[in-house]
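The structure appears below as structure tokens.
When a ligand or atom number is given, it counts from 1 through the structure's own listing order. All residue numbers refer to positions in the sequence shown, counting from 1. Values below: all heavy atoms of this structure, side chains included; hydrogens, waters and symmetry mates excluded.
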Amino acid sequence: SEPTLPWTCGDEQVSILETSDGRQNLSINGVLVKDRAQGCDRLRSYFGSGCLSCDERSQSWRGAWMRYCSDDGSQSSYVTSAPNIPRRLLKRLSETGVKAEDDPCGNTGLHENKHDANDSSEKEDPLLAVPGVLLLCCGLMLPCFHAERKEGRSHNSTSIQRNAVESLSSFDVSTSSEKIPPTPHRIPPSPSRFAPSPHIARVGSVDLSVQQILRATQNFSHSFKLGEGGFGTVYRAVLSDGQVVAVKRAKKDQFAGPSDEFSNEVELLAKIDHRNLVRLLGYTDKGNERIIITEYVPNGTLREHLDGQHGRTLDFNQRLEIAIDVAHALTYLHLYAEKTIIHRDVKSSNILLTDSYRAKVSDFGFARSGPSDTEKTHISTKVKGTAGYLDPEYLRTYQLTPKSDVFSFGILLVEIISARRPVELKRATEERITIRWTFKKFNEGNMREILDPLLEDRVDEDVLEKLLSLAFQCAAPTREDRPTMKEVGEQLWEIRKEYGKSVRKA
Ligand SMILES: Nc1ncnc2c1ncn2[C@@H]1O[C@H](COP(=O)(O)OP(=O)(O)OP(=O)(O)O)[C@@H](O)[C@H]1O
């Protein structure tokens, strides 16, 4: 075999080898990956982590991806070194299982959002998941990426954002239509905890509540619209007693059955009560409507603030407090909720801010409960989340633990400090993966260059070093090396104290 396309992802040297009969093999650190499904999965994790992307630099991996992941033994005649896949080949792949629109670098397969209509299921065993999703793992990765809907920071970053997100945004390989019955890991709804807010009469009684909601949003009027996510559209509504709430109305294609994202979100939201988590006030799930009513958080998302969309830039202390709030919210989910809850989609657009710039974590569409068996450290489940924030170990092994949230938090922390998105494809090659760029700057002793240029505060070098070290620890490649969220919160608290002292001294 002639080695082709050698590439380095972290500590791993990756190559696609072509055998004399034209078949593709994946080699990692010189060792052949025997199981194609696993190999395909590994490739997917490289794309998911941003190591492989669809720019000209790793363009040829696009072809390698398509060939390797669609190779059933009969697809042996493709030329490995072709930098682009010719249309003819795409067509052939299409005929043999991997669709042309599944091309990881193409645009045609882009979904508006990550939540596939049929995506309501989760496998408990990665091995079970493998055969059925072999092609889905690889070919359907991109369709689950969704185009960003919000405007980015000022001039050029709008397109930066759009591009970054188009190629590496919400990543959800669980696109099959399979359903699984409720598992022991799932938290059953607890009716007593579903007691609606007194302000929303008879939650669950579709006629009344939908009518109320219709009135409160003036028939889901566009002028009440706050935003749109994968699940549906979010409206601001004023109830008859004056209470302001957020109404999340499911898209029609979210009607996928009992274990879909809707019930997932409701079951989890109903059980939690923490000031840094968006509170569920009520829901309705009948007829043609699925609606969640949550507390309204008035001051936009953290991402919007980092983009400068709300005027004044967040100062350093506010950023530290936001990070602490998120750490507290996640600590609560991991340790103090009735059962361990793993959020799985920690990212800046899921952090809502109050008028006093305190943070509330929202969007529990992907959240799920941790292992019920105390002996078990992880649950095995399909990969969900948003690329750029996704734990590489989870991507590789399907093993989900609270440490996956810790990883995402590390990425978020760098985002808070730098205001850069986790992936910024419009930047120079060495700056595209923000965590990698940050790490390099840190090691070169150029920490200040990492700081958001819009930040006006003088930040003490020691404080910045500690904060970045913490972010890197959180984003360590393996979960053993990451701190717990509780430890992260404690460290952040110390860092904030030190920052306060440094400001007073100056
Ligand atoms: N409780 C809330 N209070 C105020 N605004 C909210 C609230 N929930 C959501 N929003 C607004 O609605 C937008 C859409 O929220 P949603 O959670 O549905 O999607 P998202 O997190 O932006 O995207 P995705 O679902 O793809 O992760 C948010 O960006 C935010 O601006």
Side-chain angles (χ1 to χ4, degrees), residues 110-117 119 143-152 161-162 164-166 168-172 197 200 213 216-217 220 222-239 243-251 253-254 260-262 264-266 268-269 272 274-283 290-307 309-310 326 329 343-355 357-367 384-390 408 412 421-422:
L110 273 181
H111 273 196
E112 261 302 302
N113 60 67
K114 69 191 171 196
H115 310 291
D116 189 284
D119 173 23
C144 307
F145 292 169
H146 69 92
E148 185 67 35
R149 295 169 294 276
K150 292 159 203 134
E151 291 307 305
Q161 170 192 2
R162 196 158 288 134
V165 173
E166 271 177 9
L168 281 162
S169 186
S170 283
F171 176 76
D172 176 358
S197 148
I200 301 169
I213 293 159
T217 58
F220 297 113
H222 189 78
S223 56
F224 285 74
K225 188 171 158 181
L226 288 169
E228 209 166 321
F231 174 80
T233 310
V234 185
Y235 299 86
R236 180 178 182 275
V238 185
L239 302 182
Q243 187 188 7
V244 184
V245 295
V247 173
K248 214 170 176 182
R249 185 191 194 195
K251 288 178 190 157
D253 65 6
Q254 287 294 325
D260 65 2
E261 190 189 349
F262 180 79
N264 188 12
E265 178 152 10
V266 169
L268 284 154
L269 273 170
I272 55 176
H274 188 277
R275 74 189 185 111
N276 299 120
L277 290 162
V278 170
R279 208 153 53 87
L280 175 78
L281 297 173
Y283 77 101
R290 274 190 175 147
I291 294 169
I292 291 175
I293 299 159
T294 66
E295 85 177 281
Y296 171 69
V297 189
N299 203 4
T301 68
L302 171 60
R303 189 60 248 174
E304 289 163 4
H305 281 270
L306 295 173
D307 282 334
Q309 285 180 27
H310 290 258
V326 177
H343 186 284
R344 281 208 291 185
D345 207 10
V346 175
K347 58 177 177 179
S348 56
S349 60
N350 280 341
I351 313 295
L352 301 174
L353 299 185
T354 68
D355 283 330
Y357 297 95
R358 300 317 300 242
K360 287 181 187 269
V361 177
S362 76
D363 203 348
F364 288 73
F366 281 170
K384 292 185 177 194
T386 299
Y389 296 91
L390 267 171
S408 309
L412 178 77
R421 287 178 171 70

**Prompt:** Within the distance-only criterion (no hydrogens, no angle test), does the side chain of His274 pair as donor or acceptor with the backbone N or O of Lys360 below 3.5 angstrom?
**Reply:** no
**Prompt:** Nearest non-hydrogen atom to atom 4 (C) of ligand 1 belongs to which of Ile351, Val297, Thr354?
**Reply:** Val297
**Complete:** For Thr301, the atoms of ligand 1 under 4.0 Å from one of its heavy atoms are 29 (O), 30 (C), 31 (O)
**Item:** Qualifying residue for side chain to side chain contact (heavy atoms under 4.5 Å, CB included) with Ile351, from Val278, Val297, Val361, Asn276
**Value:** Val361
**Prompt:** Purely on distance, is any nitrogen or oxygen of Asp363 under 3.5 Å from one on ligand 1?
**Reply:** yes
**Asked** Polar-atom distance check: Gly232 versus ligand 1, any N or O pair below 3.5 Å?
**Response** no
**Message:** Please compare Leu353, Leu352, Val245 and report which has the shortest non-hydrogen distance to atom 8 (N) of ligand 1.
**Reply:** Leu352
**Message:** As an exercise, identify every atom of ligand 1 less than 4.0 angstrom from a heavy atom of Ala246.
**Reply:** 1 (N), 2 (C), 3 (N)
**Request:** Assign the ring pair His305 / His310 to parallel, tilted or perpendicular, where the plane angle (0 to 90°) is split at 30° and 60°.
**Result:** parallel
**Message:** I'd like to know if the side chain of Ser408 reaches the main chain of Leu390, judged simply by a donor and an acceptor atom lying under 3.5 Å from each other, with no hydrogens or angles considered.
**Reply:** no
**Request:** Please confirm whether the backbone N or O of Asp345 pairs with a side-chain atom of Asp363, one donor and one acceptor, at under 3.5 Å?
**Result:** no
**Message:** Tell me every residue that passes salt bridge (Lys or Arg N to Asp or Glu O under 4.0 Å) with Arg236, counting only those two or more places apart in sequence or in another chain.
**Reply:** none
**Asked** Would you say Glu295 touches ligand 1, if touching means a heavy atom closer than 4.0 Å?
**Response** yes
**Request:** Apply side-chain contact (heavy atoms from CB on, under 4.5 Å) to Ser348 and list each qualifying residue two or more places apart in sequence or on a separate chain.
**Result:** Leu302, Arg303, Tyr389, Leu412, Glu415
**Request:** Provide the number and element of each atom of ligand 1 under 4.0 Å from a heavy atom of Thr294.
**Result:** 1 (N)
**Prompt:** Numbering the atoms of ligand 1 from 1, which are under 4.0 Å from a heavy atom of Tyr296?
**Reply:** 3 (N), 4 (C)
**Request:** Mind checking whether Thr386 contacts ligand 1 via backbone (N, CA, C, O), side chain (CB onward), both or neither, at a 4.0 Å heavy-atom cut-off?
**Result:** neither
**Item:** Proximity to ligand 1 by part of Lys347, non-hydrogen separation under 4.0 Å
**Value:** side chain
**Message:** Is it the case that the side chain of Glu295 and the backbone of Arg279 share a donor-acceptor pair, with hydrogens and angles ignored and the cut-off at 3.5 Å?
**Reply:** yes
